[in-house]
Amino acid sequence: MSQFPFAAIVGADDMALALVLTTVSPEVGGVLVRGEKGTAKSTMVRALAEVLPDVEVVERCRFGCDPRRDERCPDGPHDDAPTRMRPARLVELPVGATEDRVVGSLDLGKALAAGETSFEPGLLAQAHRGLLYVDEVNLLHDHLVDLLLDAAAMGRNTVERDGVSVSHAARVTLVGTMNPEEGELRPQLLDRFGLTVEVRASRDPQHRAEVVRRRLAFDADPIAFADRFRPEQQELRSRLHDASSRVASVRLGDHALATIARVCAGFDVDGMRADIVTARAARAHAAWCGRDEVTKDDIRVAARLALPHRRRRNPFDAPGLDEELLDRLLDEDPDPEPDDPEPDGPEPDGPQPDENGDESADESPEGGDAGGSPGKPADDRSTTPAPSDRAGGGSDGPSDHATDHPAGDDQSDNAAPTERPSAVGVAAPNSAFRARTFTVRGIGTGSAGRRSAAITSAGRTIGSTRRADGAQRLHLPATITAAAPRQHERGRRDGRLRFATDDVRLRITQGKESNLVLFAVDASGSMGARQRMSEMKTAVMSLLVDAYQRRDRVGVISFAGAGAELVLPPTGSVEAAARCLSDLPHGGRTPLAEGLLRTLATVQVERLRDPHRRPLVVVLTDGRATAGPDALVRAREIATAWPTLGLQTVIVDCESGRLRMGLAVDLAARMGAEHVPLERVAATEIVDVVRRSTGAGKAA
């Protein structure tokens, strides 16, 4: 079946341009595409492969080497070897791929049958000089993402393990797509992508109708639809080839370099990668537009694509770029030369220029809109291959968080629930403290993460097994040990070891897993008194940051008034959890029993969806139970039966004041849960209870 033509895609001009620039100059570092579902992200990436120019490769080379350059190929040398032309490849990396499949590994067939140490190339070798596409890259294991980005940045893949020592060229154009609702990439990994774009579906009815019209036409007759856009496809292919061949000759003058440095410094990005990527992208854009020298327009386009994801300081910052600030930085004249020599005499009043020619009293770039503003349409000179209106742009920054309303006399258990505020008492992300880390006891088998101990596909080798589930690597010493006692009966007198299939042993590795972290939040009136709700939200925000860093799925249950509600179904987007927390209402009685029951029901549903992901329940409450008949009795009955459920639980005691009833302490004792006062959630203020509980478990 024909691929949907790249030239026929409507909208997502920023994404089309970013893909073009990283194709013209792969050194840019690839593209990360963030966007809602159903915005043709995957379609556009797959369509790009159809317009890439053919590449010349060495005949019978497993690594697709370029005959015109020294690739230091394991299959080489390739002197005077025959060559052939083939299309550039699009290689898709499945989310569940193993490290061996990505980088390559020992060829077990040759190793066991013939005793030869032979390397079996992986996906990086297949994608050399082509596209490596990772759909839902935010769901890929972090160590694989890091490995991919390192190979893409270095242009080579090096494998040193299992008796294999191989290094081969791996110049790939890495493209990742993701839906932010499923979770974010860690900032370190986010920064390694050269460019990033946000895509959203157009709200223009005519635009949307054209998208549907073209899709239906393609589904009805793919070949005829592809023929309709064949001239545009050929023009794009020729233009890409021309731009790629001339990008190295585009001049990047000192003035342009100074402008790039000023823009990157003005946006306060970390490190120098932003400057380098912006310079490379500006040259690629100049080549794409047919220019021989980088201009201010090229820098503007490059900055819009290279800087938004590098301005984030924590997981709750919305990506985006303040384009008014960008225009001001671009319009400034760096290092102006004075027309006349400096006059003698006293210095004049007012702000004075520093040694770089800038006035010290000028408004700092930090004074601009730090929240990021919606993206503006790109300059018409930044022509993209897809003819349509812009569908994306920068995201709006998060709204400022208001402080919690002071608790009045009506903030009691007898008061009715308050109206839902716009943003009640949520601590700003930069004020959240470093929270202590809670873990699930024992060893799990869940998805790789950074929280609890688990048997994973990567980590410390702790044993071997015969059972193969597609995730383990060969345990060579254990395999040899299993085969050695049987050499005589297999007829070996000297020479190589003789192996059989049942000799193979695979590694059992222990690493860390991610967990399901369920926050059960007491939002009753008693929690709203004396600003405890504000303190509680600050603590939860800090725990959310910890969950984000450890790749957990997070859910939020709120109980207040007469019942409990799952206000945030478990998700990988901690950003969504933070928004949910900011809109959390409070007031009314305390239905503690209902909150515990709703938490248990949520755990049971999630166990059916993902049996291997172990839950961690964090209940934030003062322990009071006042809603319904015999409220405290019902809550205690549920708490007494809780230890039989096998749920790792933490009670964060939100009770404050000199005189405390100790209800949360009693609740934790009945539930067999860890009790932590709210003020001691900060990691720097408490002893590691996980070590204490682990030690107690060993002693028992």
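For clarity, every value in this text was computed on a predicted model and none was experimentally measured.
In summary, Asp14 and Arg304 engage in a salt bridge, as defined by a charged side-chain N under 4.0 Å from a carboxylate O. The existence of a salt bridge linking Asp666 and Arg636 is confirmed by a sub-4.0 Å separation between a basic side-chain nitrogen and an acidic carboxylate oxygen. Under 4.0 Å is where a charged nitrogen must lie from a carboxylate oxygen, and between Arg614 and Glu513 at least one such pair does.
One finds the CG atom of Asp622 at 6.0 Å from the CD atom of Glu655 (value rounded to the nearest 0.5 Å). With rounding to the nearest 0.5 Å, the separation of CG in Leu307 from OG1 in Thr196 is 11.5 Å. For the atom pair CE (Met178) and CZ (Arg34), the distance works out to 5.0 Å, reported to the nearest 0.5 Å. The CD1 atom of Ile508 lies 5.0 Å from the OG1 atom of Thr465; values are rounded to the nearest 0.5 Å. In this structure, CZ on Arg101 lies 12.5 Å from CG on Leu144, to the nearest 0.5 angstrom. Between the CD1 atom in Ile638 and the OG1 atom in Thr599 there is a gap of 10.0 Å [rounded to 0.5 Å].
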>> Could you go through Met671 and Ile651, starting from their C-alpha distance and side-chain angles, then the distance that decides it, and tell me whether this counts as side-chain contact (heavy atoms from CB on, under 4.5 Å)?
In response: CA-CA 9 Å; Met671 297 177 68; Ile651 301 294; 3.9 Å; yes
>> Let's go through Val137 and Leu32 carefully: what are the C-alpha distance in whole Å and the side-chain angles of both, what is the deciding distance for side-chain contact (heavy atoms from CB on, under 4.5 Å) to 0.1 Å, and is it a yes or a no?
In response: CA-CA 9 Å; Val137 65; Leu32 175 65; 3.6 Å; yes
>> Using side chain to side chain donor-acceptor pair (under 3.5 Å), reason through Arg613 and Ser514 one step at a time and then give a plain yes or no.
In response: CA-CA 7 Å; Arg613 188 181 294 273; Ser514 61; 2.8 Å; yes
>> Determine whether Val134 and Val175 satisfy the following criterion, side-chain contact (heavy atoms from CB on, under 4.5 Å), listing intermediate values before the conclusion.
In response: CA-CA 6 Å; Val134 188; Val175 180; over 6 Å; no
> After noting the C-alpha distance and the side-chain angles of Leu620 and Phe519, does the key distance pass the side-chain contact (heavy atoms from CB on, under 4.5 Å) rule?
Replying inline: CA-CA 7 Å; Leu620 295 100; Phe519 291 99; 4.0 Å; yes
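The main-chain N or O of Ala306 is found under 3.5 Å from a side-chain atom of Arg310 such that the two form a donor-acceptor pair. Judged purely by atom type and a 3.5 angstrom limit, Glu198 has no side-chain atom pairing as donor or acceptor with the backbone of Gly35. For Lys41 (side chain) and Gly176 (main-chain N/O), no donor-acceptor pair under 3.5 Å exists by modelled atom type. Remark: side-chain polar atoms of Arg507 are not paired, donor with acceptor, to backbone N or O of Ser464 under 3.5 angstrom.
Looking at Thr602 and Ile557, their side chains come closer than 4.5 Å, going by heavy atoms from C-beta outward. With contacts defined as side-chain heavy-atom distances shorter than 4.5 Å, the pair Asp522/Thr590 qualifies. In this structure, the side chains of Leu174 and Val31 stay at 4.5 Å or more apart for every pair of heavy atoms. Within the 4.5 Å cutoff, the side chain of Val652 has heavy atoms near those of the Val618 side chain. Annotation: side chain of Asp653 is not in contact with side chain of Leu678 (no heavy-atom distance under 4.5 Å). For the pair Leu518/Val603, a side-chain contact is recorded, criterion being any heavy-atom separation below 4.5 Å from C-beta on. The shortest distance between side-chain heavy atoms of Tyr133 and Ser42 falls below 4.5 Å. No side-chain heavy atom of Val619 sits under 4.5 Å from any side-chain heavy atom of Val650.
Listed by first and then second residue, the salt bridge (Lys or Arg N to Asp or Glu O under 4.0 Å) pairs involving residues 594-604 are Glu594-Arg634 (not counting sequence neighbours).
A pairwise comparison of heavy atoms in Arg607 and Pro615 identifies NH2-CG, 4.2 Å as the closest pair. Nearest heavy-atom pair, Ala454 versus Ile443, reported as atom, atom and distance to 0.1 Å: CA-CG2, 3.7 Å. Closest of all the heavy-atom pairs between Gly563 and Pro591 is O-CG, 3.4 Å. Taking all atoms of both residues into account, the shortest heavy-atom contact from Ala625 to Ala631 is O-CB, 3.5 Å. Taking both residues in full, the closest heavy atoms of Thr39 and Ala201 are given as CG2-N, 3.7 Å, listed atom of the first, atom of the second, then distance. Ala639 approaches Leu667 most closely through the heavy-atom pair CB-CD1, 3.6 Å.
Side-chain polar atoms of Ser452 and Asn515 form a donor-acceptor pair below 3.5 angstrom.
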